[in-house]
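All values below were derived from every heavy atom in this structure, side-chain atoms included, with hydrogens, water molecules and symmetry-related copies excluded.
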Amino acid sequence: MSSHPGMLDRRTGSRASGAPAWLLALAALCAAAAAIPLAYLIVRALDAGIAESVATLWRPRVLELALNSITLAVAVTITCLIAGTASAWVLTRVRIPAPAIWLLIAALPLAVPSYLAAYGWLVWVPSMNGFWASWLLLSAVCVPYVTLPVAAALRGASGNLHDVARTLGRGPFGAFASATWPQIRPAAIAGALLVCLYALSDFGLVSLMRYPTLTWGINAAYGASFNRNQAALLALVLVALAFAVVTGERSVRGGQDRVAVRGAPPVIPSGRWKLPVAVVLMAAPVLGVLIPVLGLLSRLLEAETLRSVDVPRLLGAVGATLGLAVAGALLATLLALPIAALAARHRGRLVSIIEATGFLGHGLPGIVVGLSLVFFALAVVPALYQSVIVLVFGYAVLFMPKAIGTMRGGIAGVPGSLVEVSRMLGLSPLTTWWRVTARLALPSIGVGALLVAISVMKELPATLLLRPTGISTLATELWSRTTVFEFGAAAPYAAALVLVAAVPAVVLSGFRGVSKEDL
Amino acid sequence: MRTPSLLTALAAGATVLALAACSTPSESAATGDSSGSDKAFTLYSGRDEELVQPLIDMFEDETGIEVDVRFGNTPELGALLLEEGEQTPADVFLSQDAGALGALSNADLFAPLPEETNAAVPAGFTSTDGNWVGVTGRARVIVYDGQELTAEEVPETVDAFTSPEWAGRFGIAPSNASFQAFVTAYRVLKGEEAADAWVKAIAANSPQIFENNLAILAAVNDGVVDAGLVNHYYWFGQAAETGTENMRAQLAYPKQGDPGAIVNVTGAGILRGAADDADALEFVNFLVSPTAQRYFVEETFEYPLVEGIEAPQGLPPIDSLKNPELNLSDLESLEATQELLSRYGLI
C-alpha cells in the first residue's frame with residue numbers, strides 16, 4: 001500500500017478533504033458538461049407535471065421495461081466480468097502460440113457496432129429474439145471492455161503471490177481469488193462498469209432482438225407519440241439506474257491502489273486444458289465478429305443492388321468519421337482528465353457526485369443526449385447550432401466515461417511516493433502532476449482516448465441529430481442505405497466502418513499497463 | 001464549503017462554451033431571410049436520401065432553387081423540430097407519416113398552406129386544418145409466408161388474428177406509428193368497445209412483437225412468423241432488392257371496409273418561420289405536381305394522392321381504402337389509442 005496523503009481520507013469522512021480546490025473546481029466544471037442531459041431531462045419532466053408523471057411512470061409496462069433493462073444489464077455485466085477476466089488470464093498467464101495476435105483478436109469485437117452484430121446474426125438465425133439473444137450478443141461485443149484492462153493489469157501484477165498461495169495449499173481458483181484477484185479488481189470492475197452502462201443504454205441491438213427495455217420505451221415515446229415529456233420521464237428512470245450502478249461500483253471498487261510487482265512466467269496448458277483455453281479465447285471473437293460479419297457478407301452476395309462503389313463519397317465518409325473520432329477523443333479525454341485525477345486520489349461525497357455525473361452520458365441512449373444538446377446549444381450558443389463543435393461536444397458528453405474509467409485506474413497506479421518526492425524537490429502540484437502523474441499515466445490516457453474514438457465511429461442517433469447539414473459519417477451512410485433495403489450499396493460502408501474501427505482496437509490491444517518494472 | 005456547487009459549475013460551463021462561440025466563426029448562423037425568394041431553402045427530410053435526393057436534383061434543375069437537405073428518421077426529425085421550435089433552421093418538413101405532421105401542427109409550428117396547394121389532394125388523404133399536405137399513400141396489408149400458406153388461407157379481416165389458430169403465428173409492431181394509425185382507424189370505424197375487445201384479444205393471442213414493419217417483413221420472408229400487419233410498399237422495396245421471384249413473403253389485402261384496409265399518408269408542411277418563403281412553397285407544390293407524384297409511384301410503389309396519376313400495378317384502387325371520417329394526424333385520438341395499447345401491455 002502506498003502512503004500518499006489522500007489515503008487516510010478514503011476510510012474516514014465524506015468530506016473531500018485533501019483534494020485541492022482547483023482540481024475540485026475543474027472536475028466539477030467538466031462534470032457540468034456531462035450534466036447537460038440531466039438538466040434537460042429535468043426541464044422536460046417538470047413540463048409534464050405531477051399528474052402526467054405519475055400516470056406515465058405508474059404504467060405496469062414501465063416496471064416491465066425497467067426490470068428488463070436491469071436483468072439484461074446485470075446478466076451481461078456478470079458474463080463479461082467472468083469471460084473477460086478468464087480470457088485476460090489466459091492471454092497473460094498461459095503459454096499460447098502468438099499471444100500478441102490473440103490479444104489483438106480479443107480486442108476486435110469492439111470494432112463491431114452492436115446493431116451490425118445483431119443484424120449479421122439475424123441473417124443466420126432469423127428467429128433469434130428476446131432476452132437470451134440480447135444477452136449473448138451484447139456480452140460478446142462488450143467483453144473487450146473487461147479483457148483489455150484486466151490483461152494490462154495482469155501483465156503488471158505479481159505472479160509471485162499466486163505461487164505463494166499455491167504453495168500454501170490453495171487450489172488454483174482459491175489462489176486466484178486470494179492473490180491475483182485483488183490486484184486486478186479495480187481494472188476488472190472499471191471495465192464491468194462500462195459494460196453495465198452500455199447494456200443499459202443500447203437501443204440498436206435490443207430493438208433488432210425484440211427485447212423491450214427502457215431505451216425501447218424512450219424511442220417509442222419520441223417516435224410514435226411525439227411525447228417528449230414521457231420520453232424524459234423514462235430516461236430519468238434510466239438515469240437513476242445508471243447513478244445507482246456508478247455509485248455502487250465506487251463502493252465495490254474499494255480504495256486499494258494497484259500493487260504492481262513483476263509479471264509471472266506463463267504456465268503451459270496441459271492437454272485437458274487446451275480445449276477450455278481455446279473456448280475462452282475464441283468465444284467472443286467468434287460470436288461477436290466472425291459470425292455476424294460472415295452473415296453480412298452472405299447478404300451482400302445475394303443483393304442485386306451491389307453496384308460500383310462511389311469511391312469519393314466513401315472516402316469522404318471515412319475522412320469525416322476519422323476527423324470526428326479524433327476530435328471527440330481529444331475533447332472527451334480533456335474533460336475526463338480532471339474527473340479521473342480527482343476520483344483516483346480522493347474520496348468523499350462531493351467527489352462521488354462529480355464522478356457519477358461524469359458517467360451519466362454513457363447510461364443514456366444517444367437520442368436523449370442528442371436532443372439535450374439541441375436544447376442546450378439553441379439556448380446558450382445558437383450560433384454554434386448544427387456545427388461540428390456541438391457535435392464533438394456531444395460525443396464528449398456521451399463517451400467521456402470510457403476515458404474516466406481507464407484513466408482513473410492509470411492515475412491511481414502512479415505511486416504516491418513518487419508524487420511526494422517530486423513535491424519535496426520543490427515542484428508545484430501542477431508541475432508535479434504534469435511531469436510525474438500525467439507522464440506515468442500516459443498509457444491509460446491513450447487507452448481512454450482510443451476507446452472514445454471507437455465509440456464515436458460507431459455512434460448513430462446523436463450524430464443524426466447534431467451533425468452539420470451535409471456531413472456524413474460511415475455510420476450515417478450505412479443507416480441511410482439499410483433503411484431502404486440496399487444491402488449491396490450498404491456493404492462498402494459496413495466493411496469500412498468495421499475496418500476503420502478495428503484500427504484503434506488493434507492499437508488498444510498493444511497497450512501495456514503501468515508496472516513498476518517500467519518506472 | 002470552498003468548492004463551487006454544481007449549479008455554479010454548470011453556469012461556468014455555459015460561459016466557456018459561449019466564449020468558444022465568440023472566438024469561432026460559425027457557418028450555420030442565420031439561414032437567410034425568410035420572406036420572398038432568395039433561391040434557397042432548408043429541407044428536413046424524414047424520408048431517405050436514396051429516394052428523395054434525385055427528386056431534389058430534378059427540382060433544383062427545374063427552378064434553380066438550391067435545397068439544403070438534412071436527412072433523418074421521421075420520428076427523430078419530428079422530435080428535433082419540436083425541440084428547435086421557433087429557432088429551427090428548417091423551412092420545409094417532409095414526413096414519412098401523418099402522426100409527425102399532426103404533432104408539429106398541434107405544437108403550432110406550421111404556417112397554413114395556401115388554398116391551391118391543399119386543393120391538389122382530395123380530403124381524406126391530407127390534413128383537415130390545411131397546415132400540411134398529403135404527398136403519397138401507403139396501404140395497410142397482411143404479409144404472409146407463401147410457403148406455408150395459400151392466398152385463400154390468409155384472413156380477409158384483421159379480426160381473424162384473434163382466433164386460437166393464429167396464436168403465436170403473427171407479427172405486429174405496436175410501438176410503430178403505422179400500427180397505431182390502424183388501431184385508431186379501428187376505433188373510429190368500429191367503436192371504442194370493439195377496438196378494446198380486439199386489442200385485448202390480440203394481446204392475449206401471443207403476438208410476436210417487432211419494432212417496425214421492415215422487421216416483420218424480414219421475419220415473414222425468413223419463415224419465422226406466418227403473417228404480419230405491415231404497410232404495402234416495404235414488400236415492393238424488398239422485391240426490387242432481392243428479385244420478385246425470390247420473395248417468400250407475399251401480400252394480401254384485407255377486404256374493403258375492414259379496419260385493416262386503410263391508407264396512411266406521407267406529407268409535407270412549411271415551418272412558421274418560412275411562412276412567406278416563396279422557394280419553400282414552390283417545393284411543396286412540386287411534391288404534389290405530376291412529375292414528383294409519378295416519381296414516387298415508380299420508385300416506391302406508393303399511391304399517388306393527386307388525381308389523374310396512375311397507381312402502381314397490382315394494388316387495389318385507393319378509393320376503396322378511403323376513410324373520410326378518419327383524421328390520421330389527430331393526436332388526441334392517437335393518445336387514446338396509445339392508452340388502449342398500453343392497457344393491454346402492448347406498448
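Neither the backbone nor the side chain of A:Leu26 comes within contact range of chain B; no heavy atom of the residue lies under 4.5 Å from a heavy atom of that chain. For B:Ala218, no part sits under 4.5 Å from any heavy atom of chain A, backbone or side chain. Using a 4.5 Å cut-off between heavy atoms, B:Gln338 contacts chain A through its side chain alone, with no backbone atom that close. For chain A, the nearby part of B:Glu49 is the side chain; its heavy atoms alone come within less than 4.5 Å. Contact annotation for B:Gln180: only side-chain heavy atoms (C-beta onward) come within less than 4.5 Å of a heavy atom of chain A. Of the two parts of B:Leu77, neither the backbone nor the side chain holds a non-hydrogen atom closer than 4.5 Å to a non-hydrogen atom of chain A. Proximity to chain B (any heavy atom under 4.5 Å) is restricted, for A:Tyr40, to the side chain, taken from C-beta onward. Proximity to chain A is limited to the side chain of B:Tyr44, based on heavy atoms less than 4.5 angstrom apart. If you measure heavy-atom distances from A:Arg467 to chain B, the contacts under 4.5 Å come from both the backbone and the side chain. Heavy-atom distances place no part of B:Ala215 under 4.5 Å from chain A, backbone and side chain included.
Scored by the ring-ring contact (aromatic ring centres under 6.0 Å, His included) test, A:Phe243 finds no partners at all (sequence neighbours excluded). Under the salt bridge (charged side-chain N to carboxylate O under 4.0 Å, His left out) criterion, B:Asp57 pairs with no residue at all, not counting sequence neighbours.
Counting heavy-atom pairs closer than 4.5 Å to chain B, the top-ranked of the candidates A:Ile367, A:Asn227, A:Leu378, A:Leu208 is A:Leu378. Per-residue counts of heavy-atom pairs under 4.5 Å with chain B were compared for A:Arg59, A:Arg210, A:Arg228; the largest is that of A:Arg210. Counting heavy-atom pairs under 4.5 Å between each of B:Ser175, B:Ser178, B:Gly223, B:Ala177 and chain A puts B:Ser175 at the top.
Checked options B:Arg138, B:Gln238, B:Glu299, B:Glu302; the residue passing with B:Tyr233 is B:Arg138 (criterion: side-chain hydrogen bond (donor to acceptor under 3.5 Å, both in side chains)).
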